[in-house]
Amino acid sequence: MKKEYLKIDKVVGSLVEVSGVEDVFYGEVVDLITKDGSMKKGKVIKIEADHVTIQVFENTSGLSTKNASIIFENQAFELPLSRDILGRTFDGLGRPLDIGGEVYSRKKSNINGRPINPVARKYPRNFIQTGISSIDGLMTLIRGQKLPIFSGNGMPHNELAAQIIRQAQLGDGSNEDFAIVFAAIGVKHDDADFFKKNLIESDAMDRVVMFINYANDPIAERINTPRCALTAAEYLAFEEGMQILVVMSDITSYCEALREISSAKEEVPSRKGYPGYLYSDLASLYERAGMLKDKAGSITFLPILTMPNDDITHPIPDLTGYITEGQIVLGRELFQNNIYPPVDVLPSLSRLMKDGIGEGYTRKDHPDVANQLFASYSRVQEVRALAQIMGEDDLSELDKKYMEFGKAFESKFLSQGFYENRDINTTLDLGWEILRILPKEELTRLDPELIEQYY
């Protein structure tokens, strides 16, 4: 039975406190009805005996302790879902932003998701082709993987996200259904317009479900945006049997919203003011990706986060690194040298890459070529440091070859156009072309048979 409460104890930002409450549960949906008849949605985020804290999803301006009634709906926040959500654009709470109207469906899912039992998980194998050489060749994205992109302020992570959404496809030539769920968290209006325009112009919108939370939207809505996106992904993957890639930008905006609400709740802060439960909160998002043994679909997760001051030890990238299976790091120095996408390959890695590449997946030479490119580019950094001390002219002939290799690697392999889509064979052939700059005896990570065949 629904109960109506007529007295509010306190309103602090987006939080409303009520006492004398009975029979409510964590995450329960709440309606706040003001005297003028307008209704605001919220949910229960804290229960202490009969004292309840409600997080309001909309602006609380004009709301006082005496002018509103509160109704507890006796249900969790749910999202109506059907296959018709493909090609649609929603706000951070799953309400339509396009002209397609409401989604009517008997199927509704709790946005907090269903935890995946580790025993029920299937090991990720096949790779997803992004069309970007640095990612496909050196830190391959595997179906069912969590692979974050670590960026910084002013870096082209939005362009990279748009390019991946536009170009991504199942890399094994599979004819399975493939779709993308994209969540823009705390973005400016011009950034959101860039994403929409780019997808519409490239005819990619039909296979994309988009959730947009603008920077001027209420903070409370930002907490729900990634959960709505992942709920849509779970439905498409595990109910409709589709292969889903989830792209989110920017997780840092989500974490800052979490910090702001935690501060309003007067919780004891942890590192840099973030709540002590930041790790478990991020894990509750990231761990919703994966594959199930008894389901045909999969969820691959590509979250993008901006590192404050390019600090990879900051709590957000630091904790993300513990939960996910690798990272793609964008380098400031490469960006300043006009290299796009500025993927810094040495601190980047994909921990599941080894199990989804090679013969039967990509190409027989892929693991060896990737190892050789990593090793050779690592040697380039040593030679460049030496050249800064003694000058490039005084380097040995071999060191000069490595300098030439480094320039070719950055200008040809790493760098590619915004609309340039390279398949895996093109990427690996390009890798061989650059490795030919070095003498055969330096290619110690390559099988002699492969050198004979490709060099």
Side-chain angles (χ1 to χ4, degrees), residues 1-79 91-95 110-112 185-186 213-228 252-282 284-285 315-316:
M1 186 179 72
K2 294 180 184 178
K3 287 187 179 180
E4 187 173 353
Y5 295 83
L6 301 175
K7 190 173 185 306
I8 295 173
D9 293 352
K10 190 163 64 168
V11 180
V12 184
S14 65
L15 301 183
V16 171
E17 295 182 9
V18 187
S19 58
V21 179
E22 298 175 350
D23 296 330
V24 298
F25 60 87
Y26 184 84
E28 185 172 346
V29 175
V30 180
D31 291 334
L32 291 90
I33 303 169
T34 58
K35 279 186 178 176
D36 61 7
S38 64
M39 188 173 74
K40 300 176 189 292
K41 285 280 185 186
K43 73 172 181 179
V44 175
I45 59 167
K46 189 177 179 182
I47 302 171
E48 287 182 345
D50 68 343
H51 191 88
V52 169
T53 303
I54 298 162
Q55 178 183 321
V56 185
F57 297 138
E58 297 160 61
N59 200 322
T60 55
S61 59
L63 196 68
S64 78
T65 56
K66 296 177 182 176
N67 74 346
S69 60
I70 295 174
I71 299 172
F72 291 88
E73 289 290 330
N74 199 27
Q75 64 179 31
F77 193 92
E78 293 181 326
L79 205 61
D91 70 2
L93 295 175
R95 297 172 298 201
N110 186 335
I111 65 164
N112 296 305
I185 307 168
N213 166 254
Y214 294 107
N216 60 339
D217 284 338
I219 287 289
E221 185 181 309
R222 202 159 299 163
I223 300 297
N224 274 17
T225 306
R227 290 180 168 82
C228 287
T252 301
S253 295
Y254 168 81
C255 293
E256 286 171 353
L258 206 64
R259 177 170 63 179
E260 193 169 323
I261 288 171
S262 172
S263 177
K265 284 158 67 178
E266 298 179 356
E267 293 173 336
V268 177
S270 183
R271 289 166 60 193
K272 295 191 184 291
Y274 291 94
Y277 52 81
L278 181 62
Y279 176 86
S280 57
D281 194 280
L282 286 173
S284 73
L285 298 180
I316 302 169

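This one's a predicted model, so the numbers in the text were calculated from it and none came from an experiment. In this chain, residues are counted from 1 in sequence order.
Atom CD of E267 sits about 6.0 Å away from atom NZ of K46, to the nearest 0.5 Å. Atom CG of N224 sits about 8.5 Å away from atom OH of Y254, to the nearest 0.5 Å. Rounding to the nearest 0.5 angstrom, the gap separating the NZ atom in K10 from the CG atom in L15 is 9.5 Å. To the nearest 0.5 Å, atoms CD (E256) and NZ (K272) are separated by 12.0 Å. With values rounded to the nearest 0.5 angstrom, F57 atom CZ is found 9.0 Å from K41 atom NZ.
Counting only distance, with no hydrogens or angles, the side chain of E4 and the backbone of I71 share no donor-acceptor pair below 3.5 Å. In terms of modelled atom types and a separation under 3.5 Å, the side chain of S284 and the main chain of D281 share a donor-acceptor contact.
Looking only at side-chain heavy atoms (C-beta outward), H51 and D9 come within less than 4.5 Å of each other. Residues E28 and V52 have side chains not in contact (no heavy-atom distance under 4.5 Å, counting atoms from C-beta outward). Side chains of P218 and V56 form no contact here, defined as non-hydrogen atoms less than 4.5 Å apart. The side-chain heavy atoms of F77 and R227, taken from C-beta on, include no pair separated by under 4.5 Å.
Each of I8, I70, V21 was evaluated against I54; a single residue qualifies, I70, per the side chain to side chain contact (heavy atoms under 4.5 Å, CB included) test. Checking each of S262, S263, C255 against Y274 for a side chain to side chain contact (heavy atoms under 4.5 Å, CB included) leaves exactly one that passes, namely C255.
Electrostatic pairing of E221 and R95 counts as a salt bridge here, judged by a charged N lying under 4.0 Å from a carboxylate O.
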